Amino acid sequence: LGTYNMVINACGKLGRWREAMSVWQDMRAAGFAPDVTSLNVLLAALGRADRWDEVEDIWREMETVGARGNLVTYGSLVSTFCKASRVNAALEVYDAMVRLGLEPTSMIYSGLMALCSRSGRHLGMAMDLYEEMRAGGLVASLTTYNALIHGLGLEREWEEALRVYGHMREAGVHPDLYTCSSLVYTLGLAHQIVLAIRTFNELRQDGLQPNLEVYNSLLMACQVNNEWKVAMDYFWQLQREGLRPNIVTYSTLISACTKGRMWRVALQLYDRMQQEGIAPNNFTYAALIRAVGSAREWELALNIWQEMRRMGSHPNTHVYNALIGTLGRSGQFELMEQVHCQMAAEGVTRD
RNA sequence: CCUCUCUACAAUCGG
């Protein structure tokens with residue numbers, strides 16, 4: 001039996017999951033009943049090879065025949081289902097292990113919480129797991145804290161996010177750049193721009209040198225809060241610090257120009273990015289058309305649309321929605337109809 | 001003899 005297990009394990013380590021499976025079959029054919037370790041090495045082999053369906057089949061079979069694994073088995077199953085984003089399967093495994101009276105390890109909690117915090121639907125579950133884990137005296141990892149903060153941010157749960165951040169610091173876990181951008185982003189989305197900027201400054205004083213993602217999150221926060229001027233200040237600042245703006249930076253800034261009707265600034269940014277050799281994409285064009293459209297500059301919007309097509313870009317739904325919205329708002333209904341036809345001709349659908 | 005996971009940046013709309 002030990003020999004079979006070793007062979008399956010060796011196959012798994014080499015990524016030979018088919019061989020691992022066939023050794024498993026041989027073993028049963030030869031009259032050896034697989035033990036928990038056999039199961040674990042097989043699951044590890046399949047998980048490592050991303051054979052998610054096979055792992056799920058084995059899990060279903062375990063359930064139907066009432067087979068029970070140990071902590072290693074359940075940890076392996078959870079980590080595979082997390083990698084596969086199979087929330088339901090992962091939670092079933094968790095339930096099964098709790099039913100058996102096994103205490104989940106912090107690795108199992110971390111995987112589940114990161115998985116659940118990726119979708120608003122399961123965020124409540126992530127927070128339940130978080131409380132349960134804390135109650136059990138376990139400390140979450142840095143990446144788990146970050147995932148929770150980000151997940152809460154997407155759902156505009158900024159107070160909860162700050163609470164988790166507080167726990168993190170109490171536990172002596174040091175924030176990194178992911179923590180910083182998630183917090184800034186979270187606070188920005190929740191219209192807490194003052195807190196977002198304060199957090200950004202505090203973390204910098206703690207010695208975290210912001211990278212472009214952090215600055216882009218900050219620009220996003222400014223954009224959401226109609227602070228185009230503040231956004232521009234940070235745009236200069238990040239360059240003084242030696243960072244090079246990318247397409248996300250420019251697209252976000254152009255969006256920030258929409259609400260203040262700063263369409264000239266938006267156009268300048270558009271020119272500047274091209275001078276720097278950054279090719280605009282549909283995000284950029286949609287933002288630019290909205291920026292000029294907000295000032296009823298419908299002719300400019302049309303020019304931009306024509307220019308992008310001349311340059312070989314394929315406008316998508318967002319670009320067309322921005323353009324059609326601009327024309328409609330400007331009372332250009334005939335043009336709107338024409339653009340609409342062109343959109344249909346290009347096979348782009350509304351919505 | 002066996003699992004070692006997981007995290008951050010841009011698109012609704014209007015006055």
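Since the model is a prediction, treat every value here as computed from it, not as a measurement.
Summarising the geometry, the separation between CG on A/L43 and C1' on B/rC1 is reported as 15 Å, rounded to the nearest angstrom. Rounded to whole Å, atom C1' of B/rA8 lies 11 Å from atom CG of A/L142. The distance between atom NE2 of A/H318 and atom C1' of B/rA11, rounded to the nearest whole Å, is 5 Å. If you take CE of A/M133 and P of B/rU5, they are 15 Å apart, rounded to a whole angstrom. Between A/Y320 atom OH and B/rA11 atom C1' there is a gap of 17 Å when expressed in whole angstrom units. Here B/rC4 presents its C1' atom at 16 Å from CG of A/L115, a figure rounded to the nearest Å. Rounding to whole angstrom units, CD1 of residue A/I108 and P of B/rU3 are separated by 14 Å.
Against RNA chain B, the stretch residues 177-198 of chain A makes heavy-atom approaches under 4.0 Å through A/L177, A/Y178, A/S181, A/S182, A/Y185. Near-neighbour residues of RNA chain B inside residues 240-263 of chain A, defined by a heavy atom below 4.0 Å, number-ordered: A/V248, A/S251, A/T252, A/K259, A/R261. Taking a 4.0 Å limit (strictly below) on heavy-atom distances, residues 155-163 of chain A does not reach RNA chain B anywhere. Within residues 46-57 of chain A, the residues approached by RNA chain B to less than 4.0 Å at the level of any non-hydrogen atom are A/R48, in residue-number order. Listed by residue number, there are no residues of residues 25-33 of chain A with a heavy-atom contact under 4.0 Å to RNA chain B.
Closest to the side chain of A/R329, from the set B/rC1, B/rC6, B/rC13, is B/rC13. Considering only the side chain of A/N5, B/rC1 comes nearest among B/rC1, B/rC6, B/rU3. Comparing B/rC6, B/rC9, B/rU3 by their closest approach to the side chain of A/V72 singles out B/rU3. Among the nucleotides B/rC2, B/rC9, B/rA11, the one closest to any side-chain atom of A/K13 is B/rC2. Among B/rA8, B/rC1, B/rG14, the nucleotide with an atom closest to any side-chain atom of A/V41 is B/rC1. Closest contact between the side chain of A/S217 and the listed nucleotides B/rU3, B/rC2, B/rA8 involves B/rA8.
Residues satisfying the salt bridge (charged side-chain N to carboxylate O under 4.0 Å, His left out) criterion with A/R163, sequence neighbours excluded, are A/E131, A/E160. Checked against side chain to side chain contact (heavy atoms under 4.5 Å, CB included), A/D95 has the following partners two or more places apart in sequence or in another chain: A/R99. For the salt bridge (charged side-chain N to carboxylate O under 4.0 Å, His left out) test, residues two or more places apart in sequence or in another chain that qualify with A/R309 are A/E346. Listed by chain and number, the residues in a ring pair (Phe, Tyr, Trp, His ring centres under 6.0 Å) with A/F200 are A/Y215, A/Y234 (sequence neighbours excluded). Qualifying ring pair (Phe, Tyr, Trp, His ring centres under 6.0 Å) partners for A/F283, counting only residues two or more places apart in sequence or in other chains: none. In this structure, the side chain to side chain contact (heavy atoms under 4.5 Å, CB included) partners of A/A30, at least two apart in sequence or on a different chain, are A/Y4, A/F32.
Within 6.0 Å of CZ in A/R16 there are 12 or fewer heavy atoms belonging to other residues, nucleotides or ligands.
Side-chain contact of A/W305 with A/Y285: a donor-acceptor pair under 3.5 Å is absent, judged by distance alone.
Evaluation of atom-type donor-acceptor distances gives a pair under 3.5 Å for the side chain of A/N211 against the base of B/rA8. Not a single donor-acceptor pair, N or O on each side, falls under 3.5 Å between the base of B/rA11 and the side chain of A/N281. The base of B/rC6 does not come close enough to the side chain of A/S110 for any donor and acceptor atom to sit less than 3.5 Å apart.
At least one side-chain heavy atom of A/I149 sits less than 4.5 Å from a side-chain heavy atom of A/T179. A heavy-atom distance below 4.5 Å is found between the side chains of A/S117 and A/L148. Residues A/N40 and A/N70 form a side-chain contact, since some pair of their non-hydrogen atoms from C-beta on lies under 4.5 Å apart. Counting only heavy atoms from C-beta outward, the side chains of A/R296 and A/W263 never approach each other to under 4.5 Å.
Side chain of A/N226 to backbone of A/G260: no donor-acceptor contact under 3.5 angstrom is found. Of the possible donor and acceptor atoms, none in the side chain of A/K83 sits under 3.5 Å from a partner among the backbone N and O of A/W52.
Residue contacts shown for A/M6 are absent, as no nucleic acid heavy atom lies under 4.0 Å away. Using a 4.0 Å heavy-atom cutoff across all strands shown, A/R350 reaches no nucleic acid atom at all. Residue A/N316 is classed as a base contact, given a heavy-atom separation below 4.0 Å to a base. Residue A/H150 is classed as a sugar-phosphate contact, given heavy-atom separations below 4.0 Å to backbone atoms only.
In this structure, A/R290 does not reach the B/rA10 phosphate: none of its side-chain N or O atoms is under 4.0 Å from OP1 or OP2.
Taking a 4.5 Å side-chain heavy-atom cut-off between Ile, Leu, Val, Met, Phe, Trp and Tyr, the cluster of A/M220 extends to A/L154, A/Y185, A/L189, A/V224.
Residue A/L42 is not grouped with residue A/V72 when hydrophobic side chains (ILVMFWY) are merged at heavy-atom distances under 4.5 angstrom, including chains of intermediate members.
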Q. What's the verdict on side-chain contact (heavy atoms from CB on, under 4.5 Å) for A/T73 and A/M97, showing C-alpha distance, side-chain angles and the deciding distance?
A. CA-CA 10 Å; A/T73 319; A/M97 74 186 288; over 6 Å; no
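Between A/E92 and A/R60 there is a salt bridge, since a side-chain N of the basic residue sits under 4.0 Å from a carboxylate O of the acidic one.
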